[in-house]
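Notes for the one structure printed next.
Quick note: numbers below take in every heavy atom, side chains included, and nothing from hydrogens, waters or symmetry partners. Numbered from 1 within each chain, the chains take letters A, B, ... in sequence-line order. Note that the coordinates shown come from a computational prediction; the quantities given were computed from them, not determined experimentally.
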There are 2 protein chains.
Amino acid sequence: MKWTDLDENWCPIARTLSVVGDRWTMLILRDCFQGLSRFDQFVQSTGATRHVVAGRLKRLVEADILDKRPQATGLKRCEYVLTDKGKELEPALRVLFDWGKKHLPIRRPTKT
Amino acid sequence: MKWTDLDENWCPIARTLSVVGDRWTMLILRDCFQGLSRFDQFVQSTGATRHVVAGRLKRLVEADILDKRPQATGLKRCEYVLTDKGKELEPALRVLFDWGKKHLPIRRPTKT
DNA sequence: TGAGCAAAGTTCCAAATCGAAACTATAGGT
DNA sequence: ACCTATAGTTTCGATTTGGAACTTTGCTCA
């Protein structure tokens, strides 16, 4: 089964995951919540390739989670901003944040 | 960048996603919260292939999110149960559930 | 006894996706 | 006219996936 097939799944969790159930997508959303909005920012911040970022952004826009706004003046330059629907995903990211902070503490190199 | 590299990321969200940031993993956890505990149940319920389920379960056990308990009598039969650490991911699934229910209503075939 | 069955993987191969890096297209600046 | 910035697209080899068959071990029941 391919994961896009999950979009008609009986389970709301599966349907949600058919849109955002992927680490790069989630990281892009994290960036959006932190105020980033441009293509190259996402590429830099997430560490995903341009290829993948392009695909994820396209899907997020199609799903009406992000809104793509061309800058008035130029054609290329644009902004990706969260829609209201997208903003409602924030609690999910907060849970992931808290869980990671508690259960996956970063291992700093112990000073020798 | 490969996604296992996220496990030492400065961001707790990224670290969390390095373990559970994948749709099949999340669906397996959903099943666990609903009381499923056996390999074939996960395969059936999620729709992922045995191949993928095997890999995901292995990682969840390594991450101490699931505990693998061989059944006393047999060697093959076993149970996967959530650890306390794993149980703390429930709020994340609840958010995904609520969001999907609200924003991705299932499209029933309209009766003609 | 021994044939069949269940459970939990593993293996195989072809197809899809990814990572890395180079390339393209358009606007603006100098 | 040339250079830079931005937002992609393309290419190609490597990795991961999907799908199905196969393996292994113990259990059941005739």
For B:Lys58, the side chain to side chain contact (heavy atoms under 4.5 Å, CB included) test, sequence neighbours excluded, returns B:Glu62
State, with a plain yes or no, whether a side-chain heavy atom of A:Leu82 is found less than 4.5 Å away from one of A:Phe33. yes
Going by number, which of residues 27-35 of chain A have a non-hydrogen atom under 4.0 Å from DNA chain D? none
Contacts of A:Tyr80 meeting side chain to side chain contact (heavy atoms under 4.5 Å, CB included) (sequence neighbours excluded), chain-then-number -> A:Phe42, A:Leu57, A:Val61, A:Leu66, A:Lys68, A:Cys78
Might you work through the side-chain hydrogen bond (donor to acceptor under 3.5 Å, both in side chains) test for A:Thr46 and A:Arg23, ending with a clear yes or no? CA-CA 10 Å; A:Thr46 62; A:Arg23 57 199 152 278; over 6 Å; no
B:Leu6 CG to C:dG19 P, in whole Å, measures 10 Å
Under 3.5 Å between N/O atoms: give me all the protein pairs with nucleotides 7-9 of chain C, atom names plus distance.
| unit_1 | atom_1 | unit_2 | atom_2 | d |
| --- | --- | --- | --- | --- |
| C:dA7 | OP1 | B:Arg38 | NH2 | 3.3 |
| C:dA8 | OP1 | B:Cys78 | N | 3.0 |
| C:dA8 | OP1 | B:Cys78 | O | 2.9 |
| C:dA8 | OP2 | B:Phe39 | N | 3.4 |
| C:dA8 | N7 | B:Arg50 | NH2 | 3.0 |
| C:dA8 | N3 | B:Lys76 | NZ | 3.2 |
| C:dG9 | OP1 | B:Lys68 | NZ | 2.8 |
| C:dG9 | OP2 | B:Tyr80 | OH | 2.4 |
| C:dG9 | N7 | B:Arg50 | NE | 3.0 |
| C:dG9 | N7 | B:Arg50 | NH2 | 3.0 |
| C:dG9 | O6 | B:Arg50 | NE | 3.1 |

Could you state the atom-to-atom distance from NZ of B:Lys58 to P of C:dT10 in whole Å? 8 Å
Worked verdict on A:Ser45 versus A:Leu36 for side-chain contact (heavy atoms from CB on, under 4.5 Å): CA-CA 9 Å; A:Ser45 170; A:Leu36 303 194; 3.9 Å; yes
CZ of A:Phe42 versus P of D:dA7: gap in Å, rounded? 9 Å
Ignoring backbone atoms, establish whether B:Trp24 has a side-chain N or O less than 4.0 Å from OP1 or OP2 of D:dT16. no
Nearest-angstrom distance from the residue atom CZ of A:Arg69 to C1' of D:dT6: 19 Å
Partners of B:Val43 by side chain to side chain contact (heavy atoms under 4.5 Å, CB included), sequence neighbours excluded? B:Phe39, B:Arg50, B:Val53
What is the separation between atom NE2 on A:His51 and atom P on D:dT10, rounded to the nearest whole Å? 10 Å
Look up atom CZ in B:Arg56 and atom OG1 in B:Thr25, then write down how far apart they are to the nearest 0.5 Å. 5.0 Å
Should B:Arg56 be listed as having a side-chain N or O under 4.0 Å from OP1 or OP2 of D:dT17? yes
Partners of B:Asp64 by side chain to side chain contact (heavy atoms under 4.5 Å, CB included), sequence neighbours excluded? B:Thr83, B:Lys85
